[in-house]
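Below: one structure, written as structure tokens.
These numbers come from the heavy atoms of this one structure, side chains and all, not from hydrogens, waters or symmetry mates.
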Amino acid sequence: MLLRVVHQTLYRYHGAVDLAQHMTCLSPRDMPGQTVRSHRLTVSPEPATRRGRTDAFGNPRAFFALQAPHEQLAVLADSLIETRPTAPPPGPPGWHDTPWEEVREHFRYRVQAPYDAAGEFLFPSPMAPRDDAFASFARRCFTPALSLIAAARNLSGHIHRTLRYQAASTEVHTPPLQALRQGSGVCQDFAHILIASLRSLGLPARYVSGYLLTRPPPGQARLIGADASHAWASVYLPRVGTDADGPSGAWFDLDPTNDRSGWDSPGEDYVTLAIGRDYTDVSPMRGVIQGSAQHRLEVAVTVAPPSDLDEAAWYPHGAPLPPHENA
């Protein structure tokens, strides 16, 4: 499936900003089931300094600095992504059915145990702490000897059924324990609750940011800029005791908002942007400014087949959406 993702961020400042430095996480990853055909990041005003790098989690990032006064900042990320269905990774017979308790024991601390990089996702993080409340919430889904994948899917489905998706019911930094107690939230909250629950049971889990193709109702035109970023989670299944050179394994993705799952991606209509411990590792844009203390933020996202977006499509912030050179 070929998808074009257009993500525009606009800051309108209440007064001039004299100096600014920003870091973006808006370039999708190349990974199993997903190939980045092209990506461009347009910044206005034009930065004085600009460079790219890859962070500790393998996410492409862009840094730029503005050294002239400006009253607004527009950042447009335009990506063309080819996605493919993913299959279960190869392994010994029965590997995919490893009981969750065996995975937990694999990651329990032992002197001189082989290093497994996924163990870094066991620890609490700012937006996905370990807590007895999360363990209690998850335990009903983790019956004895159940496979890790089946148990994790049970938990994701449990979140989908028992928590209510409600736009604007939380904020970007709402603690997941608060969302769990109030019984409502958005995709970010559901992902954090899933991650915190898995970690509280001693299982490594990570946060995934990205996009999901949304289709307009029959007979209605696609609304340019009406989509939003999405978030889900991954749980790690190690190949316990099968690799002579050390532990390795695979990540299984779970989207509790839509109750979907799959190896490396919940589906071909998903685009993975970045991975991290939680949202704070992969926020789309962050920075520091000198000058205006207040601003208004506008974000517009479109995910669509390239043929659905042409020169006649107008983006919400007053500029025409240009055709993609590789579309």
Side-chain angles (χ1 to χ4, degrees), residues 96-110 116 118-209 230-238 240 249 251-262 266 275-282:
H96 299 152
D97 298 322
T98 303
W100 71 270
E101 299 98 330
E102 189 172 339
V103 176
R104 180 188 60 190
E105 291 304 311
H106 169 77
F107 285 103
R108 197 182 296 276
Y109 175 76
R110 303 185 309 278
D116 192 325
E120 298 181 13
F121 292 93
L122 279 169
F123 301 102
S125 58
M127 296 295 292
R130 297 177 66 164
D131 191 284
D132 288 343
F134 291 118
S136 178
F137 175 76
R139 199 164 284 120
R140 72 195 72 183
C141 302
F142 284 74
T143 54
L146 187 64
S147 75
L148 171 67
I149 300 304
R153 292 179 68 179
N154 285 348
L155 176 58
S156 182
H158 182 57
I159 293 172
H160 177 76
R161 291 187 299 272
T162 60
L163 274 65
R164 184 175 69 260
Y165 184 93
Q166 185 175 355
S169 60
T170 57
E171 298 179 349
V172 68
H173 294 298
T174 297
L177 196 56
Q178 177 181 327
L180 178 64
R181 287 171 175 164
Q182 73 184 31
S184 63
V186 295
C187 59
Q188 175 182 301
D189 304 299
F190 293 174
H192 282 149
I193 290 170
L194 178 55
I195 294 166
S197 298
L198 290 166
R199 289 179 184 169
S200 296
L201 293 177
L203 302 167
R206 67 187 187 184
Y207 184 93
V208 187
S209 69
H230 194 44
W232 59 98
S234 300
V235 66
Y236 185 75
L237 177 64
V240 180
W251 290 93
F252 188 79
D253 282 22
L254 303 137
D255 178 8
T257 303
N258 296 290
D259 197 19
R260 294 180 59 186
S261 60
I275 59 173
R277 297 168 302 166
D278 60 33
Y279 171 80
T280 61
D281 286 332
V282 298

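Taking the side chain as every heavy atom from C-beta outward, Thr98 and Leu148 never approach each other to under 4.5 Å. You'll find the side chain of Ser261 stays beyond 4.5 Å of the side chain of Pro266, heavy atoms only. Here the side chains of Leu180 and Phe137 are in contact, with some heavy-atom distance below 4.5 Å. When side chains are defined from C-beta on, Arg277 does not count as touching Arg206, because their heavy atoms never get closer than 4.5 Å. Between Tyr207 and Asp281 there is no side-chain heavy-atom pair separated by less than 4.5 Å. With a 4.5 Å cut-off on side-chain heavy atoms, Gln182 and Thr170 count as touching. Side chains of Phe252 and Leu237 form no contact here, defined as non-hydrogen atoms less than 4.5 Å apart.
Looking at Ser147, its side chain does come within 3.5 Å of a backbone N or O of Ala150 through a donor-acceptor pair. Panel note: side chain Ser200, backbone Asp131; a donor-acceptor pair is recorded below 3.5 Å. With Ser156 contributing its side chain and Ala152 its backbone, the two residues share no donor-acceptor pair below 3.5 Å. One N or O on the side chain of Asp189 and one on the backbone of Val186 form a donor-acceptor pair closer than 3.5 Å. Judged by distance alone, with hydrogens and angles left aside, the side-chain atoms of Ser136 form no donor-acceptor pair with the main-chain N or O of Asp132 at under 3.5 Å. Side-chain atoms of Trp100 do not come within 3.5 Å of backbone N or O of Leu201 as any donor-acceptor pair. At least one donor-acceptor pair closer than 3.5 Å links the side chain of Arg110 to the backbone N or O of His106. Between the side chain of His192 and the backbone N or O of Tyr279 there is at least one donor-acceptor pair closer than 3.5 Å. Judged purely by atom type and a 3.5 angstrom limit, Asn258 has no side-chain atom pairing as donor or acceptor with the backbone of Arg260.
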The test is side-chain contact (heavy atoms from CB on, under 4.5 Å); show your working for Phe134 and Leu198 and say whether it passes. CA-CA 8 Å; Phe134 291 118; Leu198 290 166; over 6 Å; no
Go through the steps for Trp232 and Phe190 under the test side-chain contact (heavy atoms from CB on, under 4.5 Å), then give the verdict. CA-CA 8 Å; Trp232 59 98; Phe190 293 174; over 6 Å; no
Decide yes or no on side-chain hydrogen bond (donor to acceptor under 3.5 Å, both in side chains) for Arg199 and Ser125, but give the supporting numbers first. CA-CA 10 Å; Arg199 289 179 184 169; Ser125 58; 2.8 Å; yes
Stepwise side-chain contact (heavy atoms from CB on, under 4.5 Å) check, Arg153 with Leu254: CA-CA 7 Å; Arg153 292 179 68 179; Leu254 303 137; 3.9 Å; yes
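Distance SG/Cys141 to CG/Leu155: 5.0 Å, rounded to 0.5 Å. Separation of atoms CG (Leu194) and CD1 (Ile159) is listed at 4.5 Å; rounding is to 0.5 Å.
Heavy atoms only, all atoms of each residue included: Pro126 and Asp278 are closest at N-OD2, 3.3 Å. Minimum heavy-atom separation, Ala128 to Ile195: CB-CG2, 3.8 Å. Contact record, Pro129 with Pro176: CD-CG, 3.9 Å, taken as the closest heavy-atom pair. Across Pro238 and Val103, no two heavy atoms sit closer than the pair CD-CG1, 3.7 Å. Nearest heavy atom pair, residue Ser169 against residue Gly185, reads OG-CA, 3.3 Å. Smallest separation of non-hydrogen atoms from Ser234 and Trp251: CB-CE3, 3.5 Å.
Here Glu101 does not pair with Arg104 in a salt bridge; the nearest charged N to carboxylate O distance is not below 4.0 Å.
Between Asp255 and His160, the side chains place no donor N or O within less than 3.5 Å of an acceptor N or O (distance only, hydrogens not considered).
Each of His173, His230, Met127 was evaluated against Gln188; a single residue qualifies, Met127, per the side chain to side chain contact (heavy atoms under 4.5 Å, CB included) test.
By the 30° and 60° cut-offs, the orientation of the rings of Tyr236 relative to Phe107 is perpendicular.
No more than 12 heavy atoms of other residues, nucleotides or ligands shown are found within 6.0 angstrom of CZ on Arg181.
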